[in-house]
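As structure tokens, the structure follows; a few thoughts come after it.
A note on names: the letters A, B, ... follow the listed sequences, proteins ahead of strands, and every chain is numbered from 1.
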Amino acid sequence: MPDTRTIRPYLEGLVAAAAKAAVAAGDLPDVAIPGAAIERPKDPANGDFASTLPLRLARAAMRPPLDIARAIVHHLPADPAIEPPAVAPPGFINFRLSQAFLQDQVEHIIAAGPAYADLQLGAGRSAQVEFVSANPTGPLHVGNGRGAAIGDALANALAAAGYRVEREYYINDAGTQTDNFAETLYARYQQLFGRDVPLPEDGYPGAYMVELAEEVRARHGDAFLRPPGEPMPPELGQLGIELMVGRIRKTLESFGVRYDRWYSEKSLYEPGGAYEQAMAILRDAGMLVERDGALWFASSELGEDKDNVVVRSDGRPTYYASDIAYHWDKFLRRGFDLVIDVWGADHHGHVSRLKTATKAVGADPEALQILLYQLVTLKRGGEVVRLSKRSGEIITLDELVEEVGADAARFFFLLRSPGAQMDFDLDLAVKQSSENPVYYVQYAHARLCSILERAREQGLTPDGGNVRLLTAPHELALIREMMQLADVIENVATRFEPQHLPHYAQDLATAFHAFNDAFKQQNDPSLKVITEDAELSRARLRLVLAARIALARVLGLMGMSAPERM
RNA sequence: GCCCCCGUAGCUCAGAGGACAGAGCAGACGCCUUCUAAGCGUUUGGCCGCAGGUUCGAAUCCUGCCGGGGGCGCCA
């Protein structure tokens, strides 16, 4: 018997075989049979699955689609997983899953447990998700939170889909911004010792730089102080970056994100490292040209609008050089089969040239997926909260987490498709009411747990429950909803659309609430999970257990907690 | 000027070339002697920005236009 994950290809197989049988029997003209095209009807009245094959065959077969549908159905064998299929205009074949099949899914889910809806799409291939990767020159802000939520959920979904996943944070610890950061830190540090020195022009005016300088002084006293006018000690910049990265790491941990690796940009430039190797490849291919004293990557020859500088005329490499070396490292040295970069939309101009460079160093540009997410606008009391990085007045991710909690923040970040600009309503996120979908979903999980707990108090457990007793409409509807999780994971992992997770979580919670409150609506106590009938109770407890597994799974994929009581 | 994203209900937004376009919130009307009312039920609300095209079939794909946002540095 097929299960949740395999039912769709199973039906495709049935339909394709029936179509071929119809051709063999002379009921259909001899035409090529494309994929059986099984989809889910929007309206449940049309069944659980539908094939549009007759519509697709109509032209080639030169027959009305309805006739084709009838011919195919005529050759479909009876199958225990489905009820007899129905033909519907203009040419659909509609399938309804059998009650027994639905009931069996409860056992399937319980047996799978926390691994429920795991897929084999990745087939053990490796995937790397690199996300946030904000410059360690300041605290993470709210926009970084969106990237964190998206990247982490995507990584979770890819892991569920059968990839070996690594999460990575790329630390920009080389380059101009780092120098500005170090100069600012040294200025603040000197100020602590009473020197009247100005901040550098392109420095970082935020108050956190003062804190950082104080931290350095508390730990190391005046060890980094140099006579006035002398250059700063380079170790101070290094230390500052380390302290800042430590803070970022802590912020992300409080957001529920843990990385497998923190990758240093600086390490690209070690002797014999990624930078040298990647540049050697480009040089050997004749793709590097010198002009105006700088070294350019001749990307225009590969279809880009223009060439781009990789080494400035003063000899320092650009971020683009770093990116090329970094992606050479990802693909050619570490050998990831799939690389996903999650970037803010303000970086969109780099997508094309990075893909071009990736191809030039010998990687498959198709294996590089760059997911762009649009800006976040904060709203409070219906008013837009203005952000200004220049003045240092930003709302940090720490502040957001403190105000609304990591769960709510992640849920709202995931709710919108990455490509859509989003408003983040601070008032709504923190509201503990029916207006807030975060609590709606978590509340469903808490009630599932509480039902199991109540039953246990009365000596009832799901053990030994017979799922064949699950026949009520709301019970079967809940099972149908639980079955969708595999599709959702596939969608997220193949299309890189994490917004399906929170939407599905809401649908699943709704199905549970409808099931759970059916007895009130119909004023029938026998519809409760825990009833006079112990056998029926045990069967429903199995359904509750399965629902808890499914809901906990989707909450986990979103990086949210699954509270047992609220 | 060129490039990217968005335009769907009053608001915030889902929508996988298929059937009558959905959800939440807001609005209206019901349901607490309850396995947690952070819940449930009923209901109001749509030229899917506009105009063409492709297709048996378009909110979805293509072209053009309009509107909103972002980007086009030897910054990252």
* Asked: Do the side-chain N or O atoms of Arg312(A) get closer than 4.0 angstrom to the phosphate oxygens (OP1, OP2) of A76(B)?
  -> yes
* **Given RNA chain B, 5'-ward residue of the pair His347(A) and Gln499(A), judged by closest heavy atom** => Gln499(A)
* **Selected nucleotide, minimal atom distance to Gln521(A) side chain, candidates A76(B), C40(B), C4(B)** => C40(B)
* To do: Using a 4.0 Å heavy-atom cut-off across all strands, classify Asp43(A) as base, sugar-phosphate, or nothing.
  => base
* Which is true for Ala444(A) with a 4.0 Å heavy-atom rule: it touches a base, it touches only sugar-phosphate, or it touches nothing? -> nothing
* Asked: Any side-chain donor-acceptor pair under 3.5 Å between Thr356(A) and Glu304(A)?
  -> yes
* Should Gln421(A) be listed as having a side-chain N or O under 4.0 Å from OP1 or OP2 of U12(B)? -> no
* To do: Compare every heavy atom of Pro85(A) with every heavy atom of Ile93(A), then report the nearest pair and how far apart it is.
  => CG2-CB, 4.0 Å
* For the side chain of Ala294(A), counting heavy atoms from C-beta on, which of G39(B), G41(B), C74(B) is nearest? -> C74(B)
* Using a heavy-atom cut-off of under 4.0 Å over every strand shown, decide if Glu39(A) touches base, sugar-phosphate, or nothing. => base
* Verify the stacking flag for Phe92(A) against A19(B): centroid separation must be under 5.5 angstrom and the ring planes must differ by under 30 degrees. => yes
Short N/O separations, protein against nucleotides 55-59 of chain B, under 3.5 angstrom:
residue, atom, partner, partner atom, Å
C56(B), OP1, Arg59(A), NE, 2.7
C56(B), OP1, Arg59(A), NH1, 3.2
C56(B), OP1, Arg59(A), NH2, 2.1
C56(B), OP2, Arg59(A), NH2, 2.9

* Asked: At under 4.0 Å, does any side-chain N or O of Ser450(A) touch on OP1 or OP2 of U36(B)?
  -> yes
* Give one of base, sugar-phosphate or nothing for Ser417(A), where a contact means two heavy atoms less than 4.0 Å apart. => sugar-phosphate
* The single option from His327(A), His350(A), His347(A) passing side-chain hydrogen bond (donor to acceptor under 3.5 Å, both in side chains) against Asp341(A) -> His327(A)
* Asked: Does Arg454(A) put a side-chain nitrogen or oxygen below 4.0 Å from OP1 or OP2 of U36(B)?
  -> yes
* To do: Between U12(B), C35(B), A76(B), spot the one nearest the side chain of Asn172(A), thanks.
  => A76(B)
* Just call it for Tyr320(A): base, sugar-phosphate, or nothing, with non-hydrogen atoms closer than 4.0 Å on any strand. => nothing
* Is Lys306(A) near enough to C72(B) that one of its side-chain N or O atoms lies under 4.0 angstrom from OP1 or OP2? -> no
